[in-house]
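Okay, structure first, notes after.
What you are looking at is a predicted structure, and each value in this text was computed from that prediction instead of being measured.
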Amino acid sequence: MRHIAHIITTAAILSAAASVTLSAQPQTRYLTLGECRAIALDSSAVLRGARLMEEKTALDRKAVITNFLPKFSAYGLYLWTSSTFDYDFSGGALPIYKNIYGNLVPDLMKDASGNIVYNGGIPVFNQYAVIPPMTLSIDLANTVTAGVSVTQPVFMGGKIISGYRMADIGTDMAALNSEMKASEVIVSVDEAYWLHVKTCRLLEAAESFSSTVDSMYVFVQNAVDAGMATSTDLLKVEVQKNNAALSLAKARNGKRLSMVNLCHVLGLPLTTRIEVDQSGFNVDSTMFLTPEEIWSGEDTIENRADYRLLVQQAELKRRNVDFVRSDFLPQLGVMASYGYSYGLKLQDEVLLNQAGFTVMATLKVPIFAWGEGWLKVQSAKKEHEMALNEIERLEGLMELEMEQSRYAVSEAALQAGMAASALKSAETNLKVCRDQYELGMETLVNVLEAQTQWSKCASDWIEAVADYRLACTKYLKAIGHLE
């Protein structure tokens, strides 16, 4: 009974250890091309930066809109100083006027003839009020001013409108930049994806070739044992067997490296095990589409995000001309405030202790600045012309790239179809040669050559299909329809 319990306990421990071992092994993820693109677009640091820039420009645009609205602010001032401002008044005499029927009339001194008496050309009054000399003291300590104000630009030379339009263009440019970065990420994903699929198929071809050579080695070994073949024949097969083993090792390493590269492009841990959909590889040559079948619409560079980005850059430079010009046009603004002031004592009497409204308008009219405004506007116009010239220069290159990508797809499809036909012929030739060799109707050299030719045709076909798939991606990017 104890023996049975011990067996059950040991089995449970082994089962638990096996489950822990299996759980510790990395999970294998099966991904299609579309899923790889989605993962890369979601994890790409470059695209994430472009999207952050898009969000930033949207916030900048909203900030520019606030320039059309009035600005409210509060202000306050407190002043304390130990110094006083003193003024010594030497005194003087003030003439006294007479009040005749409610009117103040000068009480001038006249002589016996009734003429006004003058002293040094100044008329003399009958009575004067004498002001004694004194010292006037002004104290600024504990002076306080506080209130609220509102400012509203009325006309700023078109600066606010130009700034808003430039911010609007900047938002569109950020969106186009994100679109362009997304297409670049998709191209990089497709390159890594089809490279991994290619290395997987090359590994399958290498395994098939190695298996074929191994079976041939066994057949020749049996023939040598039976006296129907020489050791030289066996040595020839052994050389090919070693080459096949080397090719198989290289193919395995290539698959591992391509999987690591795909993980890096997707933003996944490099230790992630990935299995990809290989349905894009098909021997049937009718599966390879022409450029017209890939995209039946009109091919124009206006569909490309980078071309539209250039156009928006030129428009931004054009708006910048108005923005620069606004600095040298009249500017008008208004301000209103309500505040309270207290302080400013004169002879210990408070002069300021009241609240009130204030309205002010400011107008700035540039008159003469030695041609600075004209020169800066001309410089901004030259920048706009440079942007237009850049569009003209790159427009031809983009059209050339479209034509090259279109021809590249056609050539890649033709090459893949020819490689598929060559592979079929190599498979047929290898089968015939092996059958005839087993019947004693073919030489070993021809069989080995047929096997080598089949291996080369298989590799060429795999390379051609991978090149075709990538050429399709680059063609769609060149015409601006890569999604």
Side-chain angles (χ1 to χ4, degrees), residues 29 31-61 167-197 258-270 272 274 276-277 280 289 291 294-316 390-391 394-395 397-402 404-406 408-409 412 466-483:
R29 298 184 62 175
L31 299 174
T32 63
L33 179 58
E35 291 172 341
C36 288
R37 289 180 175 181
I39 293 173
L41 291 175
D42 186 61
S43 62
S44 172
V46 174
L47 188 56
R48 186 163 56 252
R51 288 170 178 166
L52 290 174
M53 178 59 69
E54 191 174 351
E55 295 175 1
K56 175 186 176 299
T57 54
L59 294 174
D60 290 340
R61 178 177 176 273
D168 207 15
I169 294 172
T171 302
D172 295 338
M173 291 176 62
L176 290 173
N177 182 62
S178 295
E179 182 180 343
M180 184 176 65
K181 295 299 182 183
S183 64
E184 293 175 356
V185 170
I186 291 175
V187 171
S188 64
V189 170
D190 284 20
E191 289 177 345
Y193 182 89
W194 292 117
L195 174 63
H196 184 58
V197 173
S258 65
M259 184 171 62
V260 171
N261 178 61
L262 181 58
C263 291
H264 171 70
V265 174
L266 298 182
L268 299 175
L270 301 183
T272 305
I274 297 177
V276 297
D277 179 20
L289 304 177
I294 295 174
W295 176 253
S296 58
E298 183 180 2
D299 296 344
T300 59
I301 59 175
E302 284 79 8
N303 297 323
R304 294 174 55 131
D306 49 356
Y307 176 80
R308 287 178 286 160
L309 187 60
L310 288 174
V311 173
Q312 291 292 342
Q313 286 177 344
E315 180 64 16
L316 184 65
E390 187 70 6
I391 293 177
L394 296 178
E395 187 175 3
L397 295 177
M398 292 181 183
E399 292 177 350
L400 177 61
E401 182 183 0
M402 287 175 54
Q404 290 176 337
S405 63
R406 184 181 294 109
V409 171
D467 292 342
Y468 167 77
R469 298 301 181 191
L470 191 56
C472 292
T473 300
K474 293 182 177 181
Y475 168 67
L476 290 175
K477 179 179 181 294
I479 63 176
H481 290 282
L482 183 61
E483 298 178 356

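Minimum heavy-atom separation, D42 to R48: O-NH1, 4.4 Å. Closest approach of S405 to Y475, counting heavy atoms only: OG-CD1, 3.6 Å. Nearest heavy atoms, C263 versus L270: CB-CA, 4.1 Å. When all heavy atoms of L268 and T272 are compared, the pair lying nearest together is CB-OG1, 4.1 Å. Considering every non-hydrogen atom in both V189 and A40, the closest pair reads CG2-CB, 3.1 Å. Nearest heavy-atom pair, I301 versus Y307, reported as atom, atom and distance to 0.1 Å: O-CB, 3.3 Å.
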* Quick one: do M398 and L310 satisfy side-chain contact (heavy atoms from CB on, under 4.5 Å)? Show the steps, please. => CA-CA 12 Å; M398 292 181 183; L310 288 174; 3.7 Å; yes
* **Verdict with supporting geometry, K181 and N177, side-chain contact (heavy atoms from CB on, under 4.5 Å)** => CA-CA 6 Å; K181 295 299 182 183; N177 182 62; 3.7 Å; yes
* To do: For L31 and I39, run side-chain contact (heavy atoms from CB on, under 4.5 Å): C-alpha distance rounded to whole Å, both residues' side-chain angles, the deciding distance at 0.1 Å, then the answer.
  => CA-CA 10 Å; L31 299 174; I39 293 173; 4.0 Å; yes
* Asked: How far apart are the C-alpha atoms of E191 and L470, what are their side-chain angles, what is the distance that settles it, and do they pass the side-chain contact (heavy atoms from CB on, under 4.5 Å) test?
  -> CA-CA 6 Å; E191 289 177 345; L470 191 56; 3.4 Å; yes
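A distance-only check finds a donor-acceptor pair linking the side chain of S188 to the backbone of V185 [under 3.5 Å]. Looking at Y193, its side chain never comes within 3.5 Å of a backbone N or O of G34 through a donor-acceptor pair. For the pair S43 (side chain) and L266 (backbone), a donor-acceptor distance under 3.5 Å is present.
For the pair L41/I186, a side-chain contact is recorded, criterion being any heavy-atom separation below 4.5 Å from C-beta on. Here the side chains of N303 and I479 are not in contact, with every heavy-atom distance at 4.5 Å or above. Residues L47 and R51 meet the side-chain proximity criterion, which asks for heavy atoms closer than 4.5 Å. Considering only heavy atoms from C-beta on, L316 stays 4.5 Å or farther from Q312 through its side chain. Inter-residue side-chain proximity for R37 and L482 is flagged as met; some heavy-atom pair is nearer than 4.5 Å.
The pair R308-E179 meets the salt-bridge criterion, with a side-chain N (NZ, NE, NH1 or NH2) lying under 4.0 Å from an Asp/Glu carboxylate O. Using a cutoff of 4.0 Å between basic side-chain nitrogens and carboxylate oxygens, R469 and D190 are not scored as salt-bridged. A salt bridge links E401 with R304: the distance from a Lys NZ or Arg NE/NH1/NH2 to an Asp or Glu carboxylate oxygen falls below 4.0 Å.
With sequence neighbours left out, the side-chain hydrogen bond (donor to acceptor under 3.5 Å, both in side chains) criterion links E184 to no other residue. In this view, E390 and R393 satisfy the side-chain hydrogen bond (donor to acceptor under 3.5 Å, both in side chains) rule, not counting sequence neighbours.
Note: E315 CD to D168 CG = 10.5 Å, rounded to the nearest 0.5 Å. Rounded to the nearest 0.5 Å, atoms CD1 (I391) and CG (L309) are 10.0 Å apart. With values rounded to the nearest 0.5 angstrom, E54 atom CD is found 11.0 Å from L59 atom CG.
Atom NZ of K477 sits in a crowded spot, with more than 12 heavy atoms from other residues, nucleotides or ligands closer than 6.0 Å.
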